[in-house]
Structure formats: structure tokens, C-alpha cells
Amino acid sequence: MIVDTFMELQRKSSETMAAAFHAHILEASKKYRATLFNYSRNLQKLINSTGDLNQKKLLDDHLMSLQNSELIWSLCEILFIDNHAGGLVITQLLGWIRMHFEEPDQMYRSIIVEERPEDQYKYWDCIYCLVLQGQVDEARRLLSKHSCYSTEGFQTVDNLLRRMPLLTHLSRGSSVAEFDMKWRHWREECENRLRQQEFVTNRNLSIIVQILSGDDTVFTDLKDLCQTWYHMLVSKLLYQQPTIQASDLHHHVQSCLDEYRSNNSRISEVDNILILALEFDIHQVIKDSCTLSSNWWFVAHLTDLLQHCGQLETRRLQFGSNLREFLLLEYAGTLMSHKTLWIVGIHYLDHCPEFGRRHQELYLESLPIETEMKAQKLFNICQERNMTDQAKSICKVVGMRHLKNNRLGAALSWFLKSKDVALATVLAEKFLSEYSESGRFSNLDLIDNLGSSMLLSNKLTFLGKYREFHKLFEEGDSHAAGSLLLSLLQARLAPKQFWMTLFIDVIPLLLAEEIIFNAQQTFELMHCLEELITEYRVFRRTTMTPSEEEKLSLLREALTQNLSRAIITEGTIRIGLIMNVERNILYKVFPI
Amino acid sequence: MADVRVSYVSQKINKVKWRQSKRQLSQDNQSFVTGSWDDEQNKVCLWKINKDQEAKGMEEEDFGLDEGEPNILCEAPHLGDVTGLENIGDDYIIASSSCGTVTVYSHHTNSQTLGIVHQWEKLHHHNKRPCPCTCIATQDDTVITAGEDGRINMLTMGHKGPSRVIEKGDSCTINGITFLGQSQFITVNSSGQLKSFDMRVNTDEPTQTFQVTGEMTPLQSVDRHPGQPDIVATGGQDGVLGVWDLRQGKMPLSLLEAHGSTIWEVKFHRTNPDHLFTCSEDGSVWHWDGSHVEQTSAAMVTAANLTGTGAGSGGGNFTTSQLNFNTSASVNFSNPWIATDLAKNKVNVTTLTDGVMPVNCLDIDGHNLICGTDGESIISVNFKFLR
């Protein structure tokens, strides 16, 4: 799911214009978070169902780190990605707080269904929390269940809550200034009512109105309900300065932090990252998040989003590429080392413009190839990316494995795939030597259907053509067979050590009833035979074996017979001429 | 448009197959089997698709159950990649492995477990060293397997050893195999050949070999037309869909340049064979609609009826629409796939999904198409109005 979102985003980044693209970035960020969220819920389910304590501890830690990632991510999304015109952030921040502090909602749901909610000892706490989170409607609903709801104090508070100006209504045409004015009036009224001691009889109502008028002391009193400094920050700003801009948030951090500092003097890593985010120190946020999270997933994707947003200046790192690519490479690295996820890693590397390809090449070379199917997949990956060397090496590995298992046909199919001339030649030689030894060809289904692929190597072409000769001969097309054989010799396509075999194949054609080689062709054959004998004598300095001698004399006899028959049929005039020219050869070949 | 759902399953799926059970006549109980590959521990899993009422009946906190979402019923470990997966009757599932082994599983409904019934070891090997079995096909009790060793084994359920072995079935790797009839089958290999064999003949030679002349591009997948077994579709490594008529010529009837990369599986709709489906390494799944090639009235009627049922989309309506499929198959016997020059005719091609991750397999049953991917997901497509 993650990878689909990532790929979609990268594709859109090259396709869409800047303005439209921004919407896609936000959408992608939300999708990532949704995935994170789903994953945490599934994890929670797993934790609840597992009995093993050690396992539970491990999963708990993992869940914790996921939730922290989500917390940081969503704040970053609000501050850096989803920043509206005017920079008003309070509505989104409230959403963020509600998302991560679900207790008020849960409390609300359990209390509201009670017959007398006010008897629940958390009744008022719940109302405070709802008000602190800006959930005015829910707070009013709870208030309305109170038995004294109809009294004046309750009605006043309810009225104040109802009329509380909300920034969410801003889109309906009113400007920020109008809102600000409305809000100031409203708040003044809250303060006035407090000053007039209207709620002196009911402390709880008084606290609510204190919150509404943004009284600092009441926040200090309620700090346990806020739980964390950032919850307090958002709640405070909601009632003290709702039109605050994102860039001013950090001014208010310290006072909230101080409220909690007395309990715990050290600021935790997560808090620190959140502060850095509020201070818009994006680089430091990413850097610190790297140490916080156990894998690269979180930082790599967040950085990618921020880069697309243009929030990261393209600062070059000392070690080559920019931050985004560096983190993506690291993340892809963890994927590549995974047994199944390597294929995802490859796709991530596609989007690292500087070093991605180099990394891909190295990884691809080291992936184990168990089956042809996997080899095929790796080969496709290489081909799509024009990595010829890697593609060739994959084919070589698979082909050599087949060769080792004596599966010559399968091996050849892989060498042909990568157009590996050297290895195709080796195989063709193997096929030929197999034939010389046994007199039969194996893997005929492949060799007979090589088609144009045989042109890859000379040896392979010879193999294919030689096999064609056999087929022609078997089919009785002696003329075509004869001229094919002759052309194999003439074009020197046949390897020398194979010539003797070819000459032996010639004998039946020479002895055939009808004349297959004419005089000219017979002379050509003689030429070739002479060349072979010279080679034996001069270059190899070996004598022929008795059986070879025997074959040779048989061949000579057949050649002369054929020649005489050809001469007779072709007429007499040209012969004298030819005889003069070719006499020398005749004498050399047939020293009678 | 068709309804597409993607579910993430944390395993790369190499094979998928609908379970067809006579006992589960109602379409409410849809289940299918998957086989994974390239994992530390590969698995054969049996899945069930949640239906509306079940999802509603569940506790609210049990958010895993979502309508139409597949859920694992049971799973069994599998040694090596699952390279082939078939049903044998209602009770057995047979899986082939990249370790050369073929395993028969049985689904114990009482305990909801998958148990191993029988295992043929080292069916495929190089001098006793195991080598991947690449494909499998079944016909009643008979199973045929083929592998990278070029061997073809014939197995019968209940027998220990293979009943027949064709040692030299192919010089190259056999990538796909399928039955044509009771005793005939065809194979496709990595040098681009399609071979037909007849088990009644005593030789190991194929009865016929087909090939695009001069072309050595591997064929990866094969399926035969359910009504006319002589019509065969193949998927090539280069993404080309081939349609062959085994009665005539050694060449394919038509070659259609389709996907950008290897077609891993090609499948005719069993009861409405004017529809063909392909999935590919390039991440796409295509629906080939040949019903417009010849505009017979029968085809039109079927389309209209189906649209009607699609609107209702209830399980009960399905049987009627399936009947329509059948009538269309029998009434409308002429075959769009043998139309000469298919490309110029109106074969409607629809891209069903187009992701990044390779789609390795698909299976189609009635309205329901299911695919498995390398992106660790299962894609299910519901054709509310399959034309």
C-alpha cells in the first residue's frame, strides 16, 4: 500500500503542475498516515491476543514507536504540508490533539449513556477535557444532561459555549479580522461574567468559563487533564489566541513546557522533535527522527514528501546526494536485504536519481536466483532499465546451471536470450562433439527451430545449417542437401575438425544414382579436401588413422567417379579447358 | 465499471485458484486458495471472502472483517515456491513446488486446518538433485506436472509413483501445461514452442509442435478455450497474446501485442469464453471482451440480462445469471477468437488494474476475478455487469 502511494506520488510529481501537485502531496501524506494508523490498530489487536510476555513487550515497544511516528508526522503535515493561506493552524492542531488523545471521547461515550451522568465522578473532568479540545457540542450535550441544567448558571455557560466563534466557520465568507473581532467580543463577555462572579455558586461552571476566557491559572490547575505540554499549548492557544499563525507557535512552547518541567526535568526525544518542528527546523526534525525510529521507513517517506513540497532546500550532503535520496537509499537498502521485499526496494531505487542505478546494479548482482521464474523477473527488471551487463550475467548464471546439469537446450535458450556469443559458441561445439561421438543429435526440438537466432555465432549457424542438411537429406532433397553442404565448406563456416565428418556425409551423395554435384562443384569439393589434407600434413604434422585413410580412399574414388559422370553428362567441349586448369589439383589430390 | 478491491496479505502470491465446491452451491461462500513464493517460509492458504451479514454480525472492535475482504481460513507451510495450484474434486488441493515436489492437501472443515495427504518427492530432478517443477494441470484424478528439467510426469491420485514419465519432454524449460481432453495435453516452453502430446501414444515425442517461425521468445502461460479445446491462448514473455488453432497450421492465428512485459497467466472465462483475462509482470490485468466480434443476438440478450442482475448484485440472483452464461455459450457457438486478424476486429480491452507490482496469477469464476501480486496483495474484481 505504501509503495503504491509512493510510486503514484513520484509519477504525479513529473506529470502535474506545481499547484495541482500540492493536493497530491497532501493526499499522499494522509494515505501514509492512514496506513500507519491501520497498522497500529492491527498491532494493538495482536498485542491484546498474544500471551507471551516477552513478545508483548516487543510489540508494545514497536507500537509505541509507531504512535510516536504518527504524532510527529501529523504535526509535520499540519505545519509544512497542509499550511493554509494566512497560516491559521488552530483547527488542524485541534484535530491533531483529538486524534492522539482519545480519552475524552471514550469518557464522553461511556458517560452520556448513563442515566444520571452527573453522578459519574469523571463527569466534570470529561466536560473540561472536551472544552480543552474544543469539542463544544459534546460538552454542551453533557451539560444538558445535568439535573440543574435549567438553572441560570448552566444556561449562561451553555449560551457562551453555543456562541463561541469557531475558525471552522471562517470559510463561509467572513474574514480573519471579522472573526477576530467577534472572538474578542465573546471573550470579553466571558471575562465580564467571571468578574461579576456569576458562577460563584458552582465552582465547576466557573472553571469552564475560566477556560473560555483563557485564564492562565486554570490551565495550570488542569495540567493533569492536558497530560502533555503540546496538548496544553493547543488548548491554551484556542482560548488565548485562536488566530495564531504557524510561524508564531514556538513563542508559546516554553511556558507550556515549564508547567510540566517540574515533574520531569528531561525533555524526551519525541518532545524535542515536536519542539523542533514548531520552530520550523525541518532538518533537525529529520535528523532526530532517524535516531528515534528503528527503521528508515518513517524518515524516508516524510523527507520525500517535504522535498516535494519544497520545504527542504536542496542542500548537498558531504556524502554525495541530497538528504531525500540518502534516506531513500537507506530505506531501499533495508528492503533489498529482505527475503521478499527486494522487489519493492528496486522500485524505490528508481526514484533516486543520483545513486539509485548504481545501487540497483550492485543489489541485482547479489540476489540469489533459485528458479527460472525469478531469473525471468530479474531479467525483466534489468531489461526495463537497460542494464545489459546485469541481464547478461543473470542469463549466464542460469545458463551455466543448466549446462552443469547437462541440459544443453535450456542453457542455449538462456544464452540466446542475452545474446552471449562466447557461450553460445561453446554450446554449439558441445552439440557438434556430441554428434561426432554418437552420430545423433540431442535437443532437436530446439536446434531445428533456431530460426534467425542461429546467426548469433558462426558455430551456431553451422550447427543449424548442418542440421538442415540432415533434414534435407532425410527428406530426399539431395540436390539442396548437396549444395548446402558444399556452401558450408566453401564459406569456411564449418570448423576444420568437422570437415572430415562433412566429407563422409558427401560420399552417399556422390554415389547416388543421379548426379548431384556437377563438375564445377566436384572440383570445389576436391579443393576443400586438398586443403584439409594439407592441413593434416603441414600444420598438425600427424598421420591419419587407418580408418581415416580408408575413408579417404573411399572418398577419392567416389569423387573421381562423380567427376567422370559429371563430365560425360555435361558434354565434352568445356572439359578440355577445365582439365588444363585443374590438372595440377587433380594430380595433387590423386597421386595415382 | 467493475468493482476492484485490493487487500494486503504480507506474502507474495504466485498462484491463486477459486475453490469450486458442489456443497457450496450458493455463491455466499466464496473461498479460494493461494500459494506464495520467494519467502522464508512459503505457504498455501485457504481464504474466505466475507459477506455482508457476517461483517455486520461481528463485534465492532473486530475491525479486520470488512465486507468483501478476504480472510484466512487456514494455512499450511509449503517447501519452496508454490509454482502450481489446482483443485482435485471438492476435497483436495494440489500444489507443485520449486523443489520438484508435488503435495496434495486436504481441507478438514471440522478443525479448519489444511493437512498434507500425500507428497510426491523429487518428481523433477537432474540426476536425483531436485529441480523446480514449474506447472501443473489436472483432469479428474489425473495430474500432469512439468519442470525445468523438461520432464513431464503423469500422476494418479492414490498411486505412489508417477504412472508415466516422459523423460525428454522438452529440451528447454516447460513453463505451462494444460489438458486438451481426456488424454491430450499441451505444453509451452521457454524457446517459444507449443507442443501437443497424447498419452495414448507410446512414444515420448509430441504429436505436434507449433512455433512462430524464427521466434524464440519464451511462452509463459497457456489456456484452452473451454468449448473448443483446439483453440488455445498463450502468453509470451514479451507480453504478446497468441491465439492458436491446433487443427490448422503450425503458426498462431493471431498475435496481439498486449502487455509491456511477461504475461504470467492467461485464462478464458469458463462459462462465457468470449471473455479472456491476462495478467502481467508490468502490473496490469486486462479483460479481453470478444463478444463484440460477432454481434449475434444471443450475446446482446446476455448482456442485457447481466446488467439487470448487476444492479441487484445479490448472491441469490447469481444462479440465474450463470444460467445466462451457459445459454450464451451453447447458443452462440461461433468463436470470436478464431476471427481472422483479431486485432482489426473489435476486441474490447479493458485495463482492470494498473499497479507497479507484477501480477503473477489470476483466476476467474462467475463474476469474480481474483489476482495475486508481488506487491503482497490480492486484487479481487467483481464484474457486476460482465458483458
- Message: One pair to check against side-chain contact (heavy atoms from CB on, under 4.5 Å): A/Leu446 and B/Cys172. What are the steps and the verdict?
- Response: CA-CA 8 Å; A/Leu446 180 66; B/Cys172 297; 3.9 Å; yes
- A/Ile343 versus chain B, heavy atoms under 4.5 Å apart: side chain, backbone, both or neither? both
- Query: Which atoms of A/Glu8 come close to chain B, meaning under 4.5 Å heavy atom to heavy atom: side chain ones, backbone ones, both, or neither?
  - Reply: neither
- Task: With rounding to the nearest 0.5 Å, note down the distance linking NE2 in B/His125 to CG in A/Asn405.
- Result: 11.5 Å
- Query: What residues, two or more places apart in sequence or in another chain, satisfy side chain to side chain donor-acceptor pair (under 3.5 Å) together with B/Glu265?
  - Reply: B/Lys267
- Query: At what distance, to the nearest 0.5 angstrom, does CH2 of B/Trp264 lie from CE of A/Met373?
  - Reply: 5.0 Å
- Message: Among A/His347, A/Met7, A/Glu384, which residue has the highest count of heavy-atom pairs closer than 4.5 Å to chain B?
- Response: A/His347
- Task: Determine, step by step, whether A/Lys377 and B/Asn360 satisfy the side-chain contact (heavy atoms from CB on, under 4.5 Å) criterion, reporting the C-alpha distance in whole Å, the side-chain angles of both residues, the deciding distance to 0.1 Å, and the verdict.
- Result: CA-CA 10 Å; A/Lys377 281 183 179 268; B/Asn360 294 327; 2.5 Å; yes
- Message: Which one wins on heavy-atom pair count under 4.5 Å against chain B: A/His338, A/Gln376, A/Glu370?
- Response: A/Gln376
- Message: For A/Lys430, is the NZ atom crowded, meaning more than 12 foreign heavy atoms sit under 6.0 Å from it?
- Response: no
- May I ask you to check whether over 12 heavy atoms, not counting those of B/Asn127, lie within 6.0 Å of atom CG? no
- Basic-acidic side-chain contact under 4.0 Å: B/Lys168, A/Asp445: no
- Message: If I take atom OG1 from residue A/Thr35 and atom OH from residue B/Tyr8, how far apart are they, to the nearest 0.5 angstrom?
- Response: 8.5 Å
- Should B/Asp38 and A/Lys374 count as an ion pair when the cut-off is N to O under 4.0 Å? yes
- Residue A/Leu59 excluded, over 12 heavy atoms near CG under 6.0 Å: yes
- Item | Most contacts with chain B, counted as non-hydrogen pairs under 4.5 angstrom, among A/Ala411, A/Ser453, A/Pro368, A/Ala410 | A/Ala410
- Scan for salt bridge (charged side-chain N to carboxylate O under 4.0 Å, His left out) pairs involving residues 402-419 of chain A, sequence neighbours excluded, and state none if there are none. none
- Item | Under 4.5 Å from a heavy atom of chain A, the part of B/Pro218 involved | side chain
- Looking only at heavy atoms, what is the nearest atom pair of A/Thr371 and B/Ser98, with distance? CG2-CB, 3.5 Å
- How long is the span from the CG atom in B/Asp170 to the CG atom in A/Asn443, to the nearest 0.5 Å? 9.0 Å
- Proximity breakdown for A/Trp342 and chain B, heavy-atom pairs closer than 4.5 Å: side chain
- Residue part contacting chain B, namely of A/Leu408, when any heavy atom lies under 4.5 Å: neither
- Item | Atom group of A/Met454 that falls short of 4.5 Å from chain B, counting heavy atoms | neither
- Message: Which residue is it: B/Asn175, B/Thr173, B/Thr134? I am looking for the one with a side chain to side chain donor-acceptor pair (under 3.5 Å) to A/Glu372.
- Response: B/Thr173
- Message: Counting only non-hydrogen atoms closer than 4.5 Å, does B/Glu376 touch chain A with its backbone (N, CA, C, O), its side chain (CB onward), both, or neither?
- Response: side chain
- Is a side-chain donor or acceptor of A/Asn449 paired with a backbone partner of B/Gln211 at a separation under 3.5 angstrom? no
- Test A/Thr340 against every option in B/Asp374, B/Asn42, B/Asp39 by the side chain to side chain contact (heavy atoms under 4.5 Å, CB included) rule and name the one that passes. B/Asp39
- Please flag which part of B/Glu281 lies under 4.5 Å from any non-hydrogen atom of chain A: side chain, backbone, both or neither. side chain
- Which of B/Thr262, B/Thr209, B/Asp149 touches chain A most, by non-hydrogen pairs under 4.5 Å: B/Asp149
- Search all heavy atoms of B/Ser261 against all heavy atoms of A/Asn380 and return the closest pair with its distance. OG-ND2, 3.4 Å
- Message: Please identify, among B/Glu148, B/Lys195, B/Lys12, the residue contributing the most non-hydrogen atom pairs under 4.5 Å to chain A.
- Response: B/Glu148
- Return yes when atom CD of B/Glu257 has more than 12 non-hydrogen atoms of other residues, nucleotides or ligands closer than 6.0 Å, and no otherwise. no
